[in-house]
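These notes are about the structure you will find just below.
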Amino acid sequence: MENDVKLGEAWKAALAPEFSADYMAGLKQFLLGEKQAGKQIFPKGPEYFRALDLTPLDTVRVVILGQDPYHGDGQAHGLCFSVRPGVRTPPSLVNIYKELQTDLGIAPARHGFLESWAKQGVLLLNSVLTVERSLAASHQRKGWERFTDAIIRAVNEQAHPVVFLLWGAYAQKKAAFVDQKRHLVLRSAHPSPLSAHAGFLGSRPFSKANTFLVSKGFDPIDWALPETPDVLS
């Protein structure tokens, strides 16, 4: 599977044991079988590892964890919570934008394309990296969770401090092993409309993340998205 994507050397080195593991071979066979059965898989193959491609391991400053890719047409492109240019902003991202405005005074973007965050060191990682069209959670427990656990471990083991934004119980459980003596872990409710008012809205994660980064000698993240999103490269 690693031959299908372009990964930076640091990610390749950290994840080499995963790519050679039996479970990964099984995951590849599962995906091939699904495609041969005529099922449509999101995102496109070259975008499975888009989050890693855009955010090299040694540049990760913030981690945001999602669960599954969006399963609607034209939405998923390899970054959690993000959608392609021209696609309606999903409800959870609408709430993320609301909190961004409350927290930092940044007006909501007119699009949901978050690549500019990823290029600054925000790892926008889903726990499961593929999904069948129109069938939520269809690729859970096929192996992706083990692979993305390894990604989080690799970030946790970095020498420099990182901010982990863990929104919702799923993300909090998945990253429970992160070393809080070295990294900043910010937990809140999920930004979904079902839970945003239970602790996400008002949690001020963006300013807290930047305050921590600056305190450690790093540049803050520019959370303001460009008015016109960069096209996929």
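Worth knowing before you read on, the calculation uses all heavy atoms, side chains too, and leaves out hydrogens, waters and symmetry mates. Positions are given from 1 along the sequence.
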Side-chain polar contacts of residues 154-164 - donor-acceptor pairs under 3.5 angstrom, sequence neighbours left out - could you list them?
from: N156; atom 1: OD1; to: D179; atom 2: N; distance (Å): 2.8
from: Q158; atom 1: NE2; to: A154; atom 2: O; distance (Å): 3.4
from: H160; atom 1: NE2; to: V60; atom 2: O; distance (Å): 2.8

Spacing of T211 atom OG1 and L184 atom CG [to the nearest 0.5 Å]
9.5 Å

Give the ring-plane orientation class for F19 versus F49, where under 30° counts as parallel, over 60° as perpendicular and anything between as tilted.
perpendicular

Check against side chain to side chain donor-acceptor pair (under 3.5 Å), K39 and S138
CA-CA 11 Å; K39 297 179 180 179; S138 50; over 6 Å; no

According to side-chain contact (heavy atoms from CB on, under 4.5 Å), who are the partners of Q75, at least two apart in sequence or on a separate chain?
Y70, V83, V87

Pairing residues for F30 by the ring-ring contact (aromatic ring centres under 6.0 Å, His included) criterion, not counting sequence neighbours:
H139

Among all residues two or more places apart in sequence or in another chain, which pass the side-chain contact (heavy atoms from CB on, under 4.5 Å) test with A10?
L57

Pairs involving residues 86-97, ordered by first then second residue, that meet side-chain hydrogen bond (donor to acceptor under 3.5 Å, both in side chains) (sequence neighbours left out)
none

Is there a donor in the side chain of K119 and an acceptor in the side chain of T59, or the other way round, less than 3.5 Å apart?
no

Is there a side-chain contact between L213 and I221, using heavy atoms and a 4.5 Å cut-off?
yes

Only pairs under 3.5 Å count here: list side-chain donor-acceptor contacts from residues 185-201, not counting sequence neighbours, and write none if there are none.
from: H190; atom 1: ND1; to: S192; atom 2: N; distance (Å): 2.9
from: S192; atom 1: OG; to: L194; atom 2: N; distance (Å): 3.1
from: S195; atom 1: OG; to: H190; atom 2: O; distance (Å): 2.8

S127-W144 side chain donor-acceptor pair, cut-off 3.5 Å
no

For the residue pair F113 and S82, establish whether any side-chain heavy-atom pair is separated by less than 4.5 Å.
yes

